[in-house]
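Report on the structure given below.
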Amino acid sequence: MSTNIASLPAKLNDFFLFVQTSKPSIFCITETWLHNAIPNSMICPPDYNIHRNDRVHTRGGGVAIFLNKNCFSNFQIKTIDIEINSVETLALHISLQSFSLLLLCIYRPPDTPATTDNNIITVLTELITQYSQVIVTGDFNLPDFKHIVSLDHPNSTEALYHNFLIDLGLTQLVNEPTRFRENTNPSLLDWIIVNDRQLLSNIQHEPPIGISDHAVLSSQIQFFVSTHPNRVDSTVVKRINYNLVNSDINQIDWHSCLRNLDPNEQWNYLTAIITSLKAKYTKTMVIKRAKNKPWINRNLIKELSKKKALWKKFRRTKCNNDYVAHRLFSNELSIKLQKAKKAYEQSVIFSNNQKKFHQYVRNALCSKVSVPLIQHPNGTLCNNNLEVAELLAESFCKSFIPEPNDPLTAVLSTPSCENFLSNINFTPSIIRQKIKNLKSNSAPGPDNIDVHLLKHCISSLSSPLAIIMTNSFKTSIVPDVWRCAYVTPIFKKGNKLSPDNYRPISLVSVVSKIMESIIVDSLSQFLVENEIIPNVQHGFLKGRSIVTNLLSCLNEWSDSLDKHKPTDVIYLDFSRAFDRVPHQRLMHKLHHQGVRGDLLTWISSFLNNRSFKVRVDKEYSNPRSVLSGVPQGSVLAPLLFLAYTSDLVAGISSKCALYADDAKIFADPTSNWDTLQSDLHKIATWSSAWLLPLNEDKCVVLHIGPNNPLNTYSINGKLLRSVKSVNDLGVIINDRLTWTQHIDKICKKANSTIYICNKIFSKPSYETTRKLYIMYIRPHLEYASAIWYPILCRDRNLLEQTQRRATCLGLGIRRPSYAERLSQMRLEPITTRLRKLDLITTYNILTSKFSVDLSHIYKPQNDNRLRGHPRQLKHQTYSTKSRQCFLPNRVFKEWNSLQPTLVAAPTTSIFKKGINSVTFNS
């Protein structure tokens, strides 16, 4: 099928209804009016994959092709790049064994100049001649083409395309008008071109979608037949009686059953019993669930049949009255669809099932990209999902680096004390608490032990799990399945056919993660208390965050800028650091840091002999060995990485800050250029010795300050690239420490989310809008708000305008004022909200809620004679806007005016509640 839809987002309800009833194998659409803010998840029907080419820079235009997954699951689909100025094209090469088809969708605007038409002909000629079977469909906007008989005007556009068809032996199959407007002569704008007349048959003019004035052209492709006997899919649902499972497990004497077994045998014994009990107390039901939009019911499908009947009558009589009747009924059907969707939304919003609401919104906000049949290095496509899984597994294995047997390098840092950590207790009470803290929606690992089972059987399973974990820790035998992971490939960006553009997401045993979590509690406390992990490391540790990292840096940078001193910040990027940690060297470091005995031996056993399988659809690759790295998806992995990189900055003279594998060093280049370069050499030497290579192409230098000498720096002889701004942990930092660029970015993200939410919900209530704004839009505007500040009126207005737009969701032109909308939704101006967040951050710093001491960025009054609370701050002097608007200077007035009881609040949550009643002067 093919049509010109003239704005797909505006006709989504009608489009979904049409696709659900017609179920085309291929649907080519022109004038989609899509743009990069609209995710595929919002516009793609269930059981379809979408390929799209949107118009950029201006509105309108765009083409898209929808392919039915059931029909094309085994076909190789490859996108062919075509570039024609001001014309949108999308070409797919569809192949299977000896079959090959070129499918091309094109939208030619009505005002296309002659030079562009010549370019279209040239490109299409070069492309079409390469394939034996070709289908070209789209809107060519040539209403006079069919009237060309004698070609009295050989230089006309119509003659140009006429000669093009003749020269290549192509046939245009559409002979009747495709666009219909009231009181206007019908015109033939949409074409279907083939190079083989037998390729397509039975071309029909179906009724337009929604209020579109273009008919839908349908035809049958002769190379395969796809049938859809059922409009619903049968889903097997298993209901487990966990009470009976828990009761049976409670009656087992686990101490006697597990006494003479090793941990691997103990785990296999436990899982065998759990599996048998689940099978015994499971009821299997077959539920028929339609894969369509929930609000599309049988009545609406019947209404669509009436619409088709009215369309057929008009096509038969050619009477204008029949066309008007069809249009009126079509408009009524669109209104009914909107009402049905709104009713469904209300049921989702006001139901007690909050998970259903979040799932409904996230399904539209987040596109799920299925893994296509990707390309081999030689350019050929994979034949099936198993081959894709094997190719992706080979790609993921490239990240691992075998560890050489060289002598181990001496650790630069030395523990501040001679304490050791070797023993950890695994009691049933601790395990029960860990199970309670698990997220219910966590996916099970290869052992298929899910969180629901653990939570429902927490009283009976905590005892055998404690026995297994204790035995595993003492004997250093880790169950085999705990060292295996199922990997799901997730598309990042770039070419979807390239295996290098996918990142692995690992699913590991939930019980293994419980044991790791207990170890992490003791190990992290040991490493922090003994100052093994440096204070400049802000990642994966309680009380440290992106905010603490950037605040400590911005304090130094803004102070130097205020004193008219330059600063050079060098951002370092390690290449796939987490996947390349060598195990032998990691054990060497842990032993040096005081991790000894059973704990060190267990960690070594946990890391060795690991494997993974890549899962694509229902196919699994052969297992691959993990040669290096800390396990992806593991709870223990981040802490092991911090321990391994703890001496990265040892011996560094420059100031520095770390967040996991993100590192930056900085200093005054006028007096410390040689120090910075020397520190870069030390870090490069460390990375080489400890097998964590730097990616020099991604290491950059940010020169801050107007008087910066713009010195150059190098790593391993390669000059580092200088930049004007850099994305530092999600916040854009520029060379003048201004925030306009960052505010533009976050407002753009928020506006994109507003647009999608506006398309998801039709006329939401105030409460719905408030919920959408707080959960999905406002987090963009508040991210790391303690770091940046809207200095310019333009920036403040932009932030407020974004919130103003969000509160307009579902409201028409006659909407209440902004102040009234804020009152109805119990919101406050965004600038007021940011000031309160500043106060909360200040409270956390001054009351030591962060594990990093940042109190030095404030100046206390230290004067007991002043009225007010005892934690008053002193105003700091400044000479630049960046320092004036740094957190301590912009917050001290509001902070000093707070009530003593509020400042003395024992917890952050109590302080947050109290701060909500505070009002500020504008």
Heavy atoms of C44 and F16 approach each other most closely as C-CE2, 4.0 Å
Under the side-chain contact (heavy atoms from CB on, under 4.5 Å) test, which residues partner Q338, sequence neighbours left out?
N13
Any chance you could lay out the side-chain contact (heavy atoms from CB on, under 4.5 Å) test for L333 and L17, step after step, and finish with the verdict?
CA-CA 10 Å; L333 179 56; L17 177 61; 4.2 Å; yes
Hydrogens and angles aside, do Y858 and T842 bring a side-chain donor and acceptor to less than 3.5 Å of each other?
yes
Between T880 and S882, do the side chains contain a donor N or O and an acceptor N or O under 3.5 Å apart?
yes
Please enumerate all residues that pass side chain to side chain donor-acceptor pair (under 3.5 Å) together with S823, with sequence neighbours excluded.
none
Should the pair K836-E828 be classified as a salt bridge under the 4.0 Å nitrogen-to-oxygen rule?
yes
With sequence neighbours left out, which residue pairs that include part of residues 891-903 fulfil the side chain to side chain donor-acceptor pair (under 3.5 Å) condition?
R835-E894
Heavy-atom check, side chain of Q20 versus side chain of P45, under 4.5 Å:
no
4.5 Å side-chain heavy-atom contact, K771 and T768:
no
By salt bridge (charged side-chain N to carboxylate O under 4.0 Å, His left out) - contacts of E767 (at least two apart)
R826
Tell me if a side-chain donor or acceptor on K542 pairs with a main-chain N or O of F850 at a distance below 3.5 Å.
no
4.5 Å side-chain heavy-atom contact, V726 and I732:
no
Verdict with supporting geometry, L898 and F911, side-chain contact (heavy atoms from CB on, under 4.5 Å)
CA-CA 11 Å; L898 294 178; F911 182 82; 4.0 Å; yes
Tell me, with the steps shown, if L811 and T769 meet side-chain contact (heavy atoms from CB on, under 4.5 Å).
CA-CA 10 Å; L811 301 176; T769 301; over 6 Å; no
Walk me through it: do Y789 and H742 pass the test ring pair (Phe, Tyr, Trp, His ring centres under 6.0 Å)?
CA-CA 10 Å; Y789 186 76; H742 175 73; over 10 Å; no
Run the side-chain donor-acceptor check on residues 774-781: report pairs under 3.5 Å with partners two or more places apart or on a different chain.
unit_1: Y776; atom_1: OH; unit_2: H358; atom_2: ND1; d: 2.9
unit_1: R778; atom_1: NE; unit_2: E782; atom_2: OE2; d: 3.1
unit_1: H780; atom_1: NE2; unit_2: T753; atom_2: OG1; d: 3.4

Please name all residues satisfying side-chain contact (heavy atoms from CB on, under 4.5 Å) with K342, sequence neighbours left out, ordered by chain then number.
Q346, S762, K763
Please enumerate all residues that pass side chain to side chain donor-acceptor pair (under 3.5 Å) together with Y571, with sequence neighbours excluded.
D728
Just to verify, what does R770 make a salt bridge (charged side-chain N to carboxylate O under 4.0 Å, His left out) with, not counting sequence neighbours?
none
With sequence neighbours excluded, tell me which residues meet side chain to side chain donor-acceptor pair (under 3.5 Å) with S506.
Q632
Scan residues 788-810 for pairs that pass salt bridge (Lys or Arg N to Asp or Glu O under 4.0 Å), counting only residues two or more places apart or in two chains.
D744-R794
Distance-only polar pair, side chains of N549 and K664, donor-acceptor under 3.5 Å:
yes
Does any pair with a residue in residues 808-835 pass ring-ring contact (aromatic ring centres under 6.0 Å, His included), and if so which ones, sequence neighbours excluded?
none
Reported CD1-to-CD1 distance for the pair I546 and I787, which is rounded to 0.5 angstrom:
9.5 Å
Determine whether the aromatic ring centres of Y659 and H538 lie less than 6.0 Å apart.
no
Heavy atoms, side chains only, cut-off 4.5 Å: are E31 and I5 in contact?
no
Going by the rule salt bridge (charged side-chain N to carboxylate O under 4.0 Å, His left out), which residues pair with D838 if we only count those two or more places apart in sequence or in a different chain?
R890
Do W739 and C885 have side-chain heavy atoms sitting under 4.5 Å apart?
no
Does one side chain, of K434 or S517, offer a donor that lies under 3.5 Å from an acceptor on the other?
yes
Candidate list R883, Q884, K881, test side-chain hydrogen bond (donor to acceptor under 3.5 Å, both in side chains), partner S558, passing option
R883
Classify the angle between the aromatic ring planes of Y360 and F761 as parallel (below 30°), tilted (30 to 60°) or perpendicular (above 60°).
perpendicular
